[in-house]
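Notes for the one structure printed next.
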Amino acid sequence: MSCLFCRIAEGSIPASKVYEDDEMVAFHDIHPQAPLHVLVVPRAHVATLNDLSPEHDAMVGRLQRRAAAIAAASGYGESGFRTVMNCNADAGQTVFHIHLHLLAGRSLAWPPG
Ligand code: 5GP
Ligand code: ZN
């Protein structure tokens, strides 16, 4: 299996995991862009947001709720946080297995660069 995030999800490549269950794993980004930068990743391989189908709707909702729970558990529920999914080149997607970025711990600019 050549997909980096499939390999992290199955445990054959190490990562600093903060959460896992049957459906998803969450781990610290290797190049953090904020004091808290966690990636929330489904175990199912879906390359981009363009590849989602209705069967994934509940899973995507649970990724978002898990990100909010991790933010809250890390002390950022009230101060705030951002979740982002990048899709393809113009958004800067580099790993083609969907993942939710959870960013917190500093003031995040808007609009994003
Ligand atoms: P994208 O640019 O596709 O939205 O996000 C991919 C993210 O994965 C980047 O923020 C990058 O730093 C992170 N990343 C890439 N390779 C690894 C890795 O081997 N381990 C971890 N923990 N994060 C990685
Ligand atoms: Zn994958």
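For ligands, and for the atoms within them, numbers begin at 1 and follow the listed sequence.
Contact atoms of ligand 1 toward His31: 12 (O) (distance under 4.0 Å to a heavy atom of the residue). Set against the non-hydrogen atoms of His28, the atoms of ligand 1 under 4.0 Å away are 22 (N).
Between the ND1 atom of His97 and the ND1 atom of His45, the angle centred on the Zn ion (ligand 2) amounts to 110° when rounded to 10°. Angle SG(Cys6) to the Zn ion (ligand 2) to SG(Cys3), rounded to 10°: 120°.
Using 4.0 Å as the threshold, Phe96 has no heavy atom nearer than that to any atom of ligand 1. Remark: distances from the non-hydrogen atoms of Ala15 to ligand 1 are all 4.0 Å or more.
When the options Ile8, Ile30, Leu100 are ranked by their closest heavy atom to atom 14 (N) of ligand 1, first place goes to Ile30. Remark: among candidates Asp29, Val38, Asn86, the nearest residue to atom 13 (C) of ligand 1 is Asp29, based on non-hydrogen atoms.
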(message) Show, in sequence, the C-alpha distance, side-chain angles and deciding distance for Gln93 and Leu49, and conclude whether the side chain to side chain contact (heavy atoms under 4.5 Å, CB included) test is met.
(response) CA-CA 11 Å; Gln93 186 176 4; Leu49 284 175; over 6 Å; no
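At a 4.0 Å heavy-atom cut-off, ligand 1 does not touch Val84 at all. Only side-chain heavy atoms of His99 come within less than 4.0 Å of ligand 1; its backbone N, CA, C and O stay farther off. In Ile13, neither the side chain nor the backbone holds a heavy atom less than 4.0 Å from any atom of ligand 1.
Taking the six-membered ring where the residue is Trp, His101 and His37 present tilted rings, their angle falling between 30° and 60°.
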